[in-house]
Amino acid sequence: MDNNQTSLLSEIRDLLKEQNTLIADIKAMNVEAAGRNLLAMEQAGEWQASSADALQRARRENRKTFIVFMLFLLLMAGFAFYRFGSFSRMLGA
């Protein structure tokens, strides 16, 4: 082998080493990105569970408020019926 072939082979070897280093870096970045994605998915799942719990609590609270409001209306209707004796007299008929 002459000097040109040796330098060419040396350069190819150096390029292959650099390529292997870049491939290893890319694989490491992919593993790191996969870990971040997994963490983000776990966090999103926790947020989803938390928001579902908050939604259920809000629905229960709204249901309680509605029941209290309906009881209040029933109490007012009972008071009006007691005060006026009947709904027809209450309406002025």
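Predicted model, so just to flag it, every value in this text is computed and none were measured.
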Apart from L38 itself, what residues make up its hydrophobic cluster, given side-chain heavy atom links below 4.5 Å?
-> none
Under 4.5 Å between any side-chain heavy atoms of F69 and L73, yes or no?
-> yes
Residues sharing I26's hydrophobic cluster, by side-chain heavy-atom contacts under 4.5 Å among ILVMFWY, directly or via others?
-> M29
Taking atom CE of M76 as the centre, report whether more than 12 heavy atoms of other residues, nucleotides or ligands fall under 6.0 Å from it.
-> yes
If you link ILVMFWY side chains whenever their heavy atoms are less than 4.5 Å apart, which other residues fall into the same cluster as V31? By chain and number, please.
-> none
Would you mind listing every salt bridge (Lys or Arg N to Asp or Glu O under 4.0 Å) that reaches into residues 58-71, with sequence neighbours excluded?
-> none
Scan for salt bridge (Lys or Arg N to Asp or Glu O under 4.0 Å) pairs involving residues 28-53, sequence neighbours excluded, and state none if there are none.
-> E32-R36
Which pairs with one or both residues in residues 10-30 pass side-chain hydrogen bond (donor to acceptor under 3.5 Å, both in side chains), sequence neighbours excluded?
-> none
Any link between L16 and L8 through a network of hydrophobic side chains (Ile, Leu, Val, Met, Phe, Trp, Tyr) touching at under 4.5 Å?
-> yes
